[in-house]
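Take a look at the structure below.
Just follow the structure's listing: the first ligand is 1, and inside any ligand the first atom is 1. As the structure is a computational prediction, the values presented were derived from the model and not from experiment.
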Amino acid sequence: MDIARARPPSLDKLLESPALRELAQAHGRAGVLAAARDALDAWRGDTSQPFDNAQFEQRCRTQLESRAALNLRPVFNLTGTVLHTNLGRALLPQEAIDAVTALMGQAGNLEYDLASGARGDRDDHIEGLLRELTGAEAATVVNNNAAAVLLVLAALAEKKEVIVSRGELIEIGGAFRIPDIMRRANAKLVEVGTTNRTHLRDFEAAIGAKTALVMKVHASNYAIDGFVASAPLAELAALCKGKGVPMAEDLGSGSLIEMTRWGLPAEPTPQQSIAAGVNVVTFSGDKLLGGPQAGLIVGDKDLLAKIKKNPLKRALRLDKMTIAALEAVLKLYRDPDRLAQRLPTLRLLTRPQAEIQALAERVMAAVAKALGEGAVVQVLPCKSQIGSGSLPVDRLPSACIAIGAPPGAKRAGSFPDRLAAALRALPRPVIGRVVEGQLRLDLRCLDGETQEAAFIEQLARLTPLRG
Ligand SMILES: *Cc1c(COP(=O)(O)O)cnc(C)c1O
């Protein structure tokens, strides 16, 4: 048969078929038309095959379904980093998810005062809680902590000097650098001290008529050790008070509760800073606090009034979804005894090693079965990280599934990367880490029976690795 002459029916005819009509119901006529054209082009590009109607319809369906699937979707975070910025940081508690869901399809009192019937302020849903939890006089919230720092500097130090220790001129991932943010806020950075040592007298000598702010920045993602010194917080705050210059502190993560309570390493809290006399404190909503992405600003009433009045506040304001989630998360902090069960971030960080180990042993069999002869699978102890610049040097004992190439395998060198790619191609992508020639899946964040079952179930779809 002359294959080139096995012509398909006309496009109009094809679109009239029951299968394509059904697809048009689900995906719209325009989408089906585009998919049909693509499928015809694909057939024309491969003249070795006669036109096949079933294959044509399947091509259309596959293209339409893959286009309809959401690009942003859940993954399994088995990287061992609990607060993974690239994977969306903190997981919200059910209370916050419910609050967001309830509000999204309906009108709400976002900026409306129900008592008076007059216009309200969106900060009102959060401010009282933040005052209660941190001991500060006033509070506001913006899009993230980088925005909070920018706003504080723009509102309090425009065209004036801000004194920062050389040991705290940090860069956070994603191109957030203290000197750059200063420039953008139109504030002049005055560096004092040295990389490893900055004393109270360095600040004292630098404070002058042009000083708008003394700023302390939490080193977050690095630690220096050895011959180091920094000015104690309370002494620095007292010096600033004596000189009549406000003091700001960027805590970065900032936990609202003592982490040592759960055997975790100590992390400074905003309430400690406020008690020490710091005038404005900024911290993230989605790091150790375990809430949505947000930047929280707490401190003195007069300074917060200036901050709220700055036009940048309007540009950086939170949306209602975030406010709903943040209010629900902050309310959980009123009952610290139950926090570790209710707040996913804390639950994951405090998960006992023995529990993760037992989970790893259960899941290992399923992984070994899915990979068959093609891999060597074992359970190994490992260390998880908190992530997002929180407590950078401390590690949490955990357990992982370590997967390596079988002895004598061809292309063993590329094995972990090929396996990692296959796991990322699953319906719910699995993200691990390649370490020492193995792919390692830290199971700390595989939380609950439903997730465990979902993880195991989709392993059956793992495409075999070609050696
Ligand atoms: C993480 C961090 C920031 C940025 O916070 P985002 O909420 O990610 O914008 C700023 N400063 C410090 C010290 C941090 O650790």
Side-chain angles (χ1 to χ4, degrees), residues 81-92 126 130 139-154 156-157 162 164-185 187 189 195 198 213-224 230 233 247-256 259 265-270 272-273 278 280-299 307 312-313 315-319 321-323 325-326 329-330 345 349 385-394:
T81 300
V82 176
L83 294 169
H84 198 300
T85 298
N86 305 145
L87 302 181
R89 290 195 187 158
L91 313 181
L92 290 183
I126 305 291
L130 279 176
T140 187
V141 276
V142 287
N143 182 59
N144 57 23
N145 188 37
V149 175
L150 176 70
L151 177 60
V152 166
L153 291 170
L156 305 182
V162 181
V164 186
S165 159
R166 289 201 168 89
E168 298 174 0
L169 294 174
I170 53 161
E171 173 180 312
I172 323 269
F176 175 87
R177 290 173 152 192
I178 292 294
D180 295 343
I181 216 107
M182 268 314 158
R183 216 168 297 127
R184 290 290 169 177
L189 171 65
T195 305
T198 303
L213 207 59
V214 168
M215 191 166 156
K216 206 169 159 51
V217 185
H218 188 51
S220 288
N221 50 8
Y222 85 111
I224 53 170
S230 60
L233 193 63
M247 179 178 171
E249 185 177 20
D250 175 19
L251 279 185
S253 192
S255 135
L256 276 178
M259 287 289 132
E267 176 80 3
T269 65
Q272 285 163 355
S273 301
V278 178
V280 182
V281 183
T282 56
F283 53 105
S284 279
D286 57 353
K287 292 185 181 173
L288 278 177
L289 190 119
Q293 179 187 304
L296 288 70
I297 310 175
V298 301
I307 290 168
L312 268 182
K313 167 66 173 48
L316 302 172
R317 78 178 182 193
L318 285 188
D319 73 311
M321 287 198 252
T322 309
I323 293 176
L326 189 57
V329 169
L330 291 175
T345 299
L349 290 176
Q385 299 187 40
I386 296 171
S388 284
S390 317
L391 317 155
V393 269
D394 294 291

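Distance alone, capped at 3.5 Å, places no donor-acceptor pair between the Gln385 side chain and the Val82 backbone. Thr269 contributes a side-chain N or O that, together with a main-chain N or O of Gln272, makes up a donor-acceptor pair within less than 3.5 Å.
Ligand 1 has an N or O atom lying under 3.5 Å from an N or O atom of Ala146, backbone or side chain. For a threshold of 3.5 Å applied to N or O pairs, the pair formed by Asp286 and ligand 1 contains no separation below that value. Considering backbone and side-chain N/O atoms, Ser388 never comes within less than 3.5 Å of an N/O atom of ligand 1. Not a single N or O atom of His218, backbone or side chain, sits closer than 3.5 Å to an N or O atom of ligand 1.
With contacts defined as side-chain heavy-atom distances shorter than 4.5 Å, the pair Met182/Val162 qualifies. Contact of the Leu169 side chain with the Leu189 side chain is registered, since non-hydrogen atoms from C-beta on lie closer than 4.5 Å. Residues Val281 and Val278 form a side-chain contact, since some pair of their non-hydrogen atoms from C-beta on lies under 4.5 Å apart. Taking the side chain as every heavy atom from C-beta outward, Asp286 and Pro292 never approach each other to under 4.5 Å.
Here Gln293 has no heavy atoms under 4.0 Å from ligand 1, in either its backbone or its side chain. Contact annotation for Ile172 and ligand 1: only side-chain heavy atoms (C-beta onward) come within less than 4.0 Å of the ligand. For Glu249, no heavy-atom contact with ligand 1 is shorter than 4.0 Å. Contacts with ligand 1 closer than 4.0 Å are made by side-chain heavy atoms of Ile170 only, the backbone lying farther away.
Side-chain atoms of Arg89 and Ser388 include a donor-acceptor pair closer than 3.5 Å. For Thr198 and Ser230, the side-chain atoms include no donor-acceptor pair closer than 3.5 Å.
For ligand 1 and Phe176, the ligand atoms under 4.0 Å from any heavy atom of the residue are 10 (C), 11 (N). Of all atoms in ligand 1, listed by their number and element, those nearer than 4.0 Å to a heavy atom of Ser284 are 5 (O), 6 (P), 7 (O). Near Arg89, meaning under 4.0 Å from any of its heavy atoms, are these atoms of ligand 1: 6 (P), 7 (O), 8 (O).
Protein heavy atom closest to atom 14 (C) of ligand 1, with residue, atom name and distance, is Lys287 NZ, 3.0 Å. Nearest protein neighbour of atom 13 (C) of ligand 1, counting heavy atoms only, is Ser220 OG, 3.2 Å. The single protein non-hydrogen atom nearest to atom 3 (C) of ligand 1 is Asn145 ND2, 3.4 Å, given as residue, atom name and distance. The nearest protein atom to atom 11 (N) of ligand 1, hydrogens excluded, is given as Asp250 OD2, 2.6 Å; this is a heavy-atom distance.
Within 6.0 Å of the CZ atom in Arg166, the count of heavy atoms belonging to other residues, nucleotides or ligands exceeds 12.
Within the 4.0 Å heavy-atom cutoff, Val149 does not count among the residues contacting ligand 1.
Under a 4.0 Å N-O distance rule, the pair Glu249/Lys216 does not qualify as a salt bridge.
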